[in-house]
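For clarity, every value in this text was computed on a predicted model and none was experimentally measured. In this chain, residues are counted from 1 in sequence order.
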Amino acid sequence: MSERRAGIGEQRAQLPFRAYLVFTVVCLLVAVLDVSTLLRTVAFALTAVATAAAMATGPRLFGSPDRVTWRRLLVVCLLFSLSPPGRRLLEHAGGVVVALPDLVMLAGYLLLLATFWRVLRLRGGRNPDAILDVAVITVGATLLSISFLIPPMLTNTAMPTWVAVMTSLYPVLDVALLALTITLSFTTGGRVLSVLLIRAGAVSLLVGDVAYNVHAWGGQLSGPPILNLPFLLAFVLLGASALHPSMTQLSAGRQEPVQAWSWQRLAMLVPALLVPSVLVLPDGTLPGRVRVVQAVGVVALFAAVLVRAGRAVHQQTESRRAFEHMATHDSLTELMTRSAVNDRLDELMSLGRAVNVHFVDLDGFKLVNDSWGHSVGDDLLVQVAERMRHALPEHVLLSRGGGDEFILVAPVRQQDPDGLVFAENLIAELSQPFPLSVGDVVVTSSIGIATSTKGVRQSATDLIRDADTAMYRAKDAGRNRAVVYEASMGALVRGRVELDRALRQALGRGELDVAYQPIVDLVTGTLLGFEALARWNRPDAGPSTPDVFIAAAEDNGLILPIGDFILGRALDELLRWRADSPRDLSVNVNVSGRQLQDPQFTGRVLAALAHRELPTCALRLEVTESTLVGDDVVAVQSLHDLGRAGVRVSVDDFGTGYSSLSYVSKLQVHEVKIDRSFVAGLTTRPEDHAIVRATAAMAQALGLDVVAEGIETKEQCQSLVELGITRGQGWWLGRPLPADQAAELVGQQWTPAVSVGAGLPPAPRLP
């Protein structure tokens with residue numbers, strides 16, 4: 001329906017255009033036919049009036065942003081309409097009066113040329129190439145007019161010399177006008193009908209003026225009605241251009257660059273370049289002065305062509321340089337590309353130069369991108385590149401390897417052979433805050449270094465690969481540091497690559513699974529729920545626990561689909577448990593900081609709960625202390641949003657990181673889990689007992705639940721209950737089990753570990 005309405009609106013917009021064409025074509029036919037003088041005069045006048053009305057109406061009808069251009073064209077049409085009847089009236093007058101119609105026409109031409117020159121300036125098309133093109137065409141047309149139109153006029157004694165010269169200049173002005181309109185077409189970026197109509201009007205004026213000049217060789221300033229046809233047609237075309245909806249693009253169209261050479265521009269220039277070959281034809285009737293003018297004109301024409309050709313060659317050279325620069329330099333940072341630095345590095349090593357390759361990766365760049373968007377991330381990359389460009393010596397090759405990676409090639413210095421001092425200075429430089437639109441941002445960097453070895457044949461690719469390997473070791477060692485490559489690192493990297501490859505295939509092959517460890521109320525012996533634990537059943541290596549592959553998944557980005565898989569599987573089992581148990585069981589699912597950094601994570605968690613019609617309080621998300629105390633705005637916001645929605649948040653391995661409850665009280669945290677290392681020494685080491693007692697007291701003061709992990713003996717159970725910790729999990733209570741075996745524990749009841757110092761014997765454990 002909307003397309004139909006748009007089509008109807010477009011048809012209505014063209015009604016004035018079509019009505020104008022019908023009316024003016026009828027008037028044009030009457031004006032040139034051999035009918036009464038009165039009818040021809042009326043038709044001519046009506047054509048002029050209709051054209052003026054079109055010039056006045058079109059800009060208002062279509063809301064043209066440039067009214068000045070159309071007002072000037074209206075004045076031009078009025079001046080042109082006064083000239084033909086003026087010639088007939090003043091043809092036999094004497095003196096200067098006979099030239100008044102031509103002066104009016106000349107004023108119209110000058111205004112028309114100035115108007116289109118102004119349009120070119122507004123559209124950005126008035127560049128040196130366009131000026132030279134118009135100049136070449138105009139000079140060529142002037143030479144032709146001087147050679148073939150003016151001499152016959154000068155030999156006519158019935159016409160004053162200066163009138164003959166002025167009349168002969170009209171075709172020259174027409175050619176200049178045509179050149180301007182064609183150049184204007186080059187800036188429209190498409191075939192705009194309004195511009196094409198204006199160009200056709202210029203052609204019509206040229207035809208009319210040439211015909212008028214040929215007719216004037218007989219000494220007559222006026223002629224038969226048919227001579228007015230080209231001028232009337234020019235009126236009609238100009239008026240039609242004002243009434244077509246495309247008229248708004250005359251001054252507001254899409255700007256296109258003027259090409260150095262193109263077939264359209266050559267079609268304009270070649271005829272002008274052929275003029276000198278025409279002028280060499282002998283003509284004994286031409287005065288010597290005309291020959292001198294011809295010679296000067298030919299020299300000017302060749303000079304303009306030489307300048308135009310020189311500019312074209314210069315533009316092509318600059319374009320080639322720009323293309324080569326684009327091929328070897330990064331568009332964002334203007335640093336060398338990886339392929340370009342590869343070539344330079346190969347060249348240096350072929351000359352026997354000893355170099356250090358530094359592979360730099362920004363720590364935390366992904367966090368900046370995820371938190372504030374790619375525009376802020378791009379700004380950070382630009383500032384990093386600029387800071388390195390100013391801080392490093394000129395002889396250091398600096399390139400962007402891709403993403404947030406940079407590759408530096410520096411000559412080996414005797415006082416710093418492995419490049420460690422150089423790298424540490426760079427790390428210190430990059431650790432200074434970067435002023436971004438979101439405020440000052442601090443990022444660290446991890447650098448891997450590889451040194452070329454004399455006498456050993458190496459390629460740039462191998463050296464950069466080794467530096468990349470060392471960079472990953474720097475990240476594994478804690479980031480914000482530099483590591484020099486050693487041969488033993490290669491095997492570790494190959495193992496990591498193989499792990500990544502196998503992990504990418506694990507999801508599709510169904511190798512990932514989830515095990516469930518029971519969480520029990522130590523006072524009542526009631527099963528509270530389970531913690532979901534990821535398992536990878538590798539066909540070639542057997543079962544793998546999360547500590548083997550989760551870190552790799554976080555680095556390669558697979559933690560997001562793996563995390564979604566574990567969450568979905570755990571919620572499916574929770575739905576099954578709650579259907580088979582009279583109690584409202586819950587499930588704990590571990591989430592990483594990388595998952596919380598995903599802006600869509602909160603929505604996916606809530607959607608997964610809603611899809612299974614589970615209450616939000618049935619899910620507990622376990623996060624590490626480092627996630628809570630970091631500067632990750634997105635992660636903290638995700639926890640707030642989930643907490644407000646009712647999802648419970650638990651701090652895993654509490655006490656092993658920052659051992660502080662101050663930040664826990666400010667965030668949406670509901671539970672802390674005391675790390676198994678403290679529980680293990682609870683009954684044997686007084687310091688561990690004191691830590692557990694203090695943690696329990698502070699957590700209870702803040703209204704937080706406390707869960708003890710790693711319970712392996714009944715004595716540990718008793719001590720925990722005595723300290724007021726009523727929730728626990730561990731092998732004494734139950735090992736992680738497959739889903740089917742965990743479901744069989746839903747109806748089990750553990751013996752309470754209270755009263756008379758009795759232990760807490762576990763429920764019958766499944767194999």
So do the side chains of Val384 and Phe365 get within less than 4.5 Å of each other, counting heavy atoms only? no
Residue pair Leu335 / Arg389: nearest heavy atoms and the distance that separates them: CD2-NH2, 3.1 Å
Above 12 or not: heavy atoms from other molecules or residues under 6.0 Å from NE2 of His395? yes
Checking the side chain of Ser204 only, and the main-chain atoms of Leu233 only, is there a donor and an acceptor separated by less than 3.5 Å? no
Side chain proximity check, Arg72 to Leu112, heavy atoms < 4.5 angstrom: no
When you measure from the side chain of Ser399 to the backbone N and O of Ile407, does any donor-acceptor pair fall under 3.5 Å? yes
Distance alone, cut at 3.5 Å: any donor-acceptor contact between the side chains of Asp330 and Thr333? yes
Separation between CD (Glu347) and CG (Leu397), nearest 0.5 Å, reads 9.5 Å
Audit row: Leu381, Phe406, side-chain contact (heavy atoms from CB on, under 4.5 Å) steps and yes/no: CA-CA 10 Å; Leu381 291 175; Phe406 298 86; 4.1 Å; yes
Between Leu21 and Leu243, is there a side-chain heavy-atom distance shorter than 4.5 Å? no
d(Leu238 CG, Leu197 CG) to nearest 0.5 Å is 9.0 Å
How long is the span from the CE atom in Met247 to the CG atom in Leu61, to the nearest 0.5 Å? 8.5 Å
Shortest non-hydrogen contact from Ala43 to Cys27? CB-O, 3.3 Å
So, taking the atom named OG1 in Thr57 and the one named CZ in Phe62, what distance separates them when rounded to the nearest 0.5 Å? 10.0 Å
Treating Glu405 as the side-chain partner and Arg400 as the backbone partner, does any N or O pair qualify as donor plus acceptor under 3.5 Å? no
Do Tyr109 and Val76 have side chains that approach each other closer than 4.5 Å (heavy atoms only, starting at C-beta)? no
Once you round to the nearest 0.5 Å, how far does CG of Leu106 lie from CG of Leu111? 11.5 Å
Between Phe23 and Leu46, does the side-chain contact (heavy atoms from CB on, under 4.5 Å) criterion hold? Intermediate values first, please. CA-CA 9 Å; Phe23 178 78; Leu46 288 176; 4.2 Å; yes
For a quick check under 3.5 Å, do Arg118 and Thr69 share a side-chain donor-acceptor pair by atom type? yes
Just by distance, do the side chain of Arg344 and the backbone of Ala340 share a donor-acceptor pair under 3.5 Å? no
Can you tell me how far the OG1 atom of Thr51 sits from the CG atom of Leu74, to the nearest 0.5 Å? 9.5 Å
Does the side-chain contact (heavy atoms from CB on, under 4.5 Å) test come out yes or no for Val396 and Val409, once each step is laid out? CA-CA 6 Å; Val396 175; Val409 178; over 6 Å; no
Given Met55 and Val75, is the side-chain contact (heavy atoms from CB on, under 4.5 Å) satisfied, shown in steps? CA-CA 9 Å; Met55 293 291 181; Val75 175; over 6 Å; no
Looking only at non-hydrogen atoms, find the nearest pair between Ser246 and Ser194 and report the distance. OG-N, 3.0 Å
Taking side chain to side chain donor-acceptor pair (under 3.5 Å) as the definition, give me every residue that meets it alongside Asp404, ordered by chain and number, with sequence neighbours left out. none
What heavy-atom pair brings Met336 and His329 nearest, and what distance separates the two atoms? N-CD2, 4.0 Å
Looking only at heavy atoms, which two atoms of Ile198 and Ser241 are closest? And how far apart? CG1-OG, 3.6 Å
Minimum heavy-atom separation for Ala240 and Tyr20, please, with both atom names. N-CE2, 3.3 Å
